[in-house]
Q: 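Handing you this structure, nothing more for now.
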Protein chains: 2
Amino acid sequence: MIDIPETVSSIKQAAEFTGLSEDTIRYYEKIGLLPYADRKASGHRTYSKHQLEGMVFLTRLKATGMTLEEMKHFRKLYERGEASLPQRVSILIEHKNRIQNEIDRLLETQRIIDYKIDNYNEVLVNPDLNKKWKSPFAD
Amino acid sequence: MIDIPETVSSIKQAAEFTGLSEDTIRYYEKIGLLPYADRKASGHRTYSKHQLEGMVFLTRLKATGMTLEEMKHFRKLYERGEASLPQRVSILIEHKNRIQNEIDRLLETQRIIDYKIDNYNEVLVNPDLNKKWKSPFAD
DNA sequence: TCTTGACTTGGAGTGTACTCCAAGTTGTAT
DNA sequence: ATACAACTTGGAGTACACTCCAAGTCAAGA
């Protein structure tokens with residue numbers, strides 16, 4: 001990962017460092033997933049390193065299947081301060097479990113794909129075998 | 001997995017055995033992802049075990065991130081017969097690699113979540129530590 | 001025969017997450 | 001001073017994958 005400067009003073013740079021698009025950053029702010037960003041005198045958004053890291057963490061949660069609504073909820077808990085810590089922990093634990101289930105599902109599908117690739121390769125070597133696998137896409 | 005009978009004679013049963021909804025099955029047929037299903041004299045759809053297994057395989061590809069368009073492409077190759085075998089193998093290999101990348105990403109996010117959970121727990125034990133972690137959502 | 005329920009069709013509507021646009025403002029280089 | 005790029009806003013449009021609906025047909029039981 002690129003290392004993030006202490007502050008950036010344009011949405012373009014924020015996009016560059018977080019991997020989000022400029023439009024997506026504005027959209028997230030619009031729906032309340034990101035807090036209203038500080039503006040310069042010109043009205044342009046500025047971001048601290050702190051905020052950029054938060055955005056990167058959001059992209060990770062999203063990339064692992066958390067919805068924008070769930071992330072908004074998490075953010076609201078964060079804003080309520082320390083009292084919400086236990087709730088935040090349990091959300092993270094639950095999300096971690098979801099990720100684990102997803103991993104298990106992916107591994108199983110990899111096994112099935114391997115099986116199909118093996119079948120395909122056998123048919124490539126000996127086309128007469130073709131009739132043996134009647135399963136769709138497998139023969 | 002439930003075992004699938006040799007044939008089913010309604011879309012309801014097909015839905016039951018594949019896990020897809022009736023509407024989704026009709027939708028897949030409409031967009032050409034599934035071939036036009038055989039109909040009884042009444043016009044009701046019937047499906048062979050062969051076809052049901054194909055539908056289950058589609059759900060796996062979809063659950064692991066393949067789009068409907070990509071699946072349509074794969075299906076068309078399948079319909080072109082044996083000559084498309086090498087192409088189908090390479091699509092499967094590529095998809096398997098995508099799954100691997102996804103798994104790697106999920107594992108990395110799990111590690112990050114673990115790190116955050118640890119931080120949270122430390123703060124829960126000793127609230128004074130709270131100032132140490134300035135990273136959003138992490139403190 | 002009549003009702004009930006499962007099915008058929010084409011097409012409209014939904015939810016999520018963007019993505020783009022028009023009109024206007026500001027900052028920088030020549 | 002002027003051009004031009006980068007930014008601002010509210011709001012409209014898009015892509016994907018369904019999901020629902022209305023109107024009609026068909027099969028089986030009371």
Q: May I ask you to say what A:Arg39 touches in the nucleic acid, namely base, sugar-phosphate or nothing, with a heavy-atom cut-off under 4.0 Å?
A: sugar-phosphate
Q: Whole angstroms only, please: what is the CG-C1' distance between B:Leu20 and D:dC18?
A: 11 Å
Q: Check nucleotides 25-30 of chain D for protein N or O atoms closer than 3.5 Å to its own N or O atoms and list the pairs.
A:
none

Q: Students often get this wrong, so: under 4.0 angstrom with heavy atoms, is B:Arg45 touching a base, only sugar-phosphate, or nothing?
A: sugar-phosphate
Q: For A:Gln100, which residues count as a side-chain hydrogen bond (donor to acceptor under 3.5 Å, both in side chains) partner, sequence neighbours excluded?
A: A:Asp104, B:Gln110
Q: Across the strands shown, which category fits B:Ile31 at heavy-atom distances under 4.0 angstrom: base, sugar-phosphate, nothing?
A: nothing
Q: I want to confirm an ordering. Mapping A:Leu68 and B:Arg26 to their closest nucleotides on DNA chain C, which one lands closer to the 5' end?
A: B:Arg26
Q: Taking all atoms of both residues into account, what is the closest heavy-atom pair of A:Met71 and A:Leu58, and its distance?
A: SD-O, 3.5 Å
Q: Of all nucleotides in DNA chain C that come within under 4.0 Å of a heavy atom of chain B, which is furthest toward the 5' end and which toward the 3' end?
A: C:dC7 to C:dG11
Q: Under the rule for side-chain hydrogen bond (donor to acceptor under 3.5 Å, both in side chains), what residues qualify as partners of B:Ser10, not counting sequence neighbours?
A: none
Q: Within this structure, what is the CD-to-P distance between B:Glu70 and D:dC16, rounded to whole angstrom?
A: 11 Å
Q: With a non-hydrogen cut-off below 4.0 angstrom, is A:Lys12 in contact with a base, only sugar-phosphate, or nothing?
A: sugar-phosphate
Q: Report the residues that fulfil side-chain contact (heavy atoms from CB on, under 4.5 Å) with B:Lys30, sequence neighbours left out, ordered by chain and then residue number.
A: none
Q: Could you note down all residue pairs passing side chain to side chain donor-acceptor pair (under 3.5 Å) where residues 34-44 of chain A supplies at least one of them, sequence neighbours left out?
A: A:Glu29-A:Arg39
Q: What residues form a side-chain contact (heavy atoms from CB on, under 4.5 Å) with A:Ser90, not counting sequence neighbours?
A: none
Q: Among residues at least two apart in sequence or on other chains, which ones pass side-chain contact (heavy atoms from CB on, under 4.5 Å) with B:Glu22?
A: B:Ile11, B:Lys12, B:Ala15, B:Arg26
Q: List for me each residue that meets side-chain hydrogen bond (donor to acceptor under 3.5 Å, both in side chains) alongside A:Arg105, sequence neighbours excluded, and say none if there are none.
A: A:Glu102
Q: How would you list, by chain and number, every residue that makes a side-chain hydrogen bond (donor to acceptor under 3.5 Å, both in side chains) with A:Glu70, sequence neighbours excluded?
A: A:Thr67, A:Arg98
Q: Does the side chain of B:Arg88 pick up a donor-acceptor pair with the side chain of B:Ser84 at under 3.5 Å?
A: yes
Q: On DNA chain D, does the nearest nucleotide to B:Tyr28 precede the nearest nucleotide to A:Ser10 from the 5' side, or the other way round? Give the residue.
A: A:Ser10
Q: Considering the terminal five base pairs at each end of the helix from C:dT1-D:dA30 to C:dT30-D:dA1, what angle separates the two local helix axes, rounded to 10°?
A: 10°
Q: Check side-chain contact (heavy atoms from CB on, under 4.5 Å) between B:Thr7 and all other residues, then give those that pass, not counting sequence neighbours.
A: none
